[in-house]
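Reading through the structure tokens given below for one structure.
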Amino acid sequence: EAKNTASAAAETVAEAPAVENNEKLREVTGDMFEKLSALLLGELRSSSEDYVLLEQMNALTAKKYSEMAGNAESLTEFMKQLREKYDSFQPFLEKIDQVEVGIQSLEETVMQLDEYSKRLEFRYRQL
């Protein structure tokens with residue numbers, strides 16, 4: 001019995017550090033889980049904020065492209081109006097070209113008349 005009592009005492013002494021280690025292990029493990037949970041929550045919050053920012057950037061980009069599409073439509077309409085005006089002026093431009101050809105012909109005729117009048121004047125002076 002003395003042996004059993006000694007064994008029991010030795011087991012109690014051996015269990016005391018084991019219980020103490022288990023409690024410390026539980027405490028450290030609980031602390032680890034709390035910190036890991038905080039880390040994961042921070043990562044999730046960061047990812048969520050990134051998605052919100054990305055969503056805002058996409059909305060702004062869509063708005064900008066919509067404005068650019070409106071500008072392109074306006075420019076297309078303006079170019080169409082310019083083309084129509086140019087086409088409506090085309091007959092006048094052709095008439096201007098015809099007048100220019102006529103003026104060149106008149107200039108040539110005037111130059112010929114000037115030369116002829118100079119020759120006549122020269123003959124008259126010789127008489």
Side-chain angles (χ1 to χ4, degrees):
E1 225 181 81
K3 207 176 201 189
N4 283 340
T5 308
S7 283
E11 285 179 20
T12 305
V13 172
E15 286 179 12
V19 169
E20 214 174 270
N21 284 339
N22 281 341
E23 286 179 21
K24 184 148 182 110
L25 181 62
R26 277 191 206 120
E27 184 181 310
V28 170
T29 304
D31 188 41
M32 178 191 71
F33 280 121
E34 285 177 18
K35 289 180 180 179
L36 184 59
S37 174
L39 173 70
L40 292 175
L41 285 174
E43 289 292 326
L44 289 174
R45 199 171 294 124
S46 173
S47 294
S48 175
E49 289 172 0
D50 286 346
Y51 284 122
V52 168
L53 178 62
L54 186 59
E55 183 179 345
Q56 291 172 349
M57 288 172 59
N58 283 339
L60 287 174
T61 302
K63 181 181 175 186
K64 189 68 173 175
Y65 278 120
S66 176
E67 290 173 2
M68 290 171 67
N71 289 342
E73 287 177 18
S74 297
L75 285 173
T76 302
E77 183 62 31
F78 180 70
M79 289 299 293
K80 181 181 175 186
Q81 291 172 358
L82 280 178
R83 173 55 67 185
E84 289 172 357
K85 286 180 183 179
Y86 178 78
D87 290 342
S88 70
F89 283 125
Q90 190 62 36
F92 299 113
L93 294 173
E94 289 172 2
K95 286 182 182 180
I96 290 172
D97 289 341
Q98 291 172 355
V99 168
E100 184 179 2
V101 168
I103 289 174
Q104 287 174 350
S105 175
L106 280 174
E107 285 177 347
E108 289 175 13
T109 304
V110 166
M111 289 176 72
Q112 289 173 358
L113 283 172
D114 188 42
E115 286 294 320
Y116 181 73
S117 66
K118 286 180 183 178
R119 284 189 304 222
L120 278 177
E121 184 182 345
F122 180 71
R123 283 187 189 169
Y124 177 74
R125 285 190 182 172
Q126 284 183 345
L127 289 176

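- Between Glu23 and Glu27, the closest side-chain pair of non-hydrogen atoms is not below 4.5 Å.
- Residue Leu54 is found outside any hydrophobic cluster, as its side-chain heavy atoms come under 4.5 Å of no other Ile, Leu, Val, Met, Phe, Trp or Tyr.
- Other cluster members for Met68: Tyr65, joined by side-chain heavy-atom distances under 4.5 Å among Ile, Leu, Val, Met, Phe, Trp and Tyr.
- Of the possible polar contacts, none joining the Ser66 side chain to the Ala62 backbone as a donor-acceptor pair under 3.5 Å is found.
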Throw together a table of side-chain donor-acceptor distances under 3.5 angstrom for residues 41-53, partners on residues two or more places apart or in other chains.
unit_1	atom_1	unit_2	atom_2	d
Ser47	OG	Glu43	O	3.1

In a table with atom names and distances, give each donor-acceptor pair under 3.5 Å that connects a side chain of residues 82-106 to protein atoms at least two apart or in another chain.
unit_1	atom_1	unit_2	atom_2	d
Tyr86	OH	Gln90	OE1	3.3
Ser88	OG	Lys85	O	2.7

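- The neighbour count for Glu55 CD, taken as heavy atoms of other residues, nucleotides or ligands under 6.0 Å away, does not exceed 12.
- In this structure, the separation between NZ on Lys24 and CG on Asp31 is 10.5 Å, given to the nearest 0.5 Å.
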Pairs of donor and acceptor atoms involving the side chains of residues 72-80, under 3.5 Å and at least two apart or interchain, shall be tabulated with distances.
unit_1	atom_1	unit_2	atom_2	d
Ser74	OG	Gly70	O	3.1
Thr76	OG1	Ala72	O	2.8

Run the side-chain donor-acceptor check on residues 111-127: report pairs under 3.5 Å with partners two or more places apart or on a different chain.
unit_1	atom_1	unit_2	atom_2	d
Ser117	OG	Leu113	O	3.2
Ser117	OG	Asp114	O	2.8
Glu121	OE2	Arg125	NH2	2.7

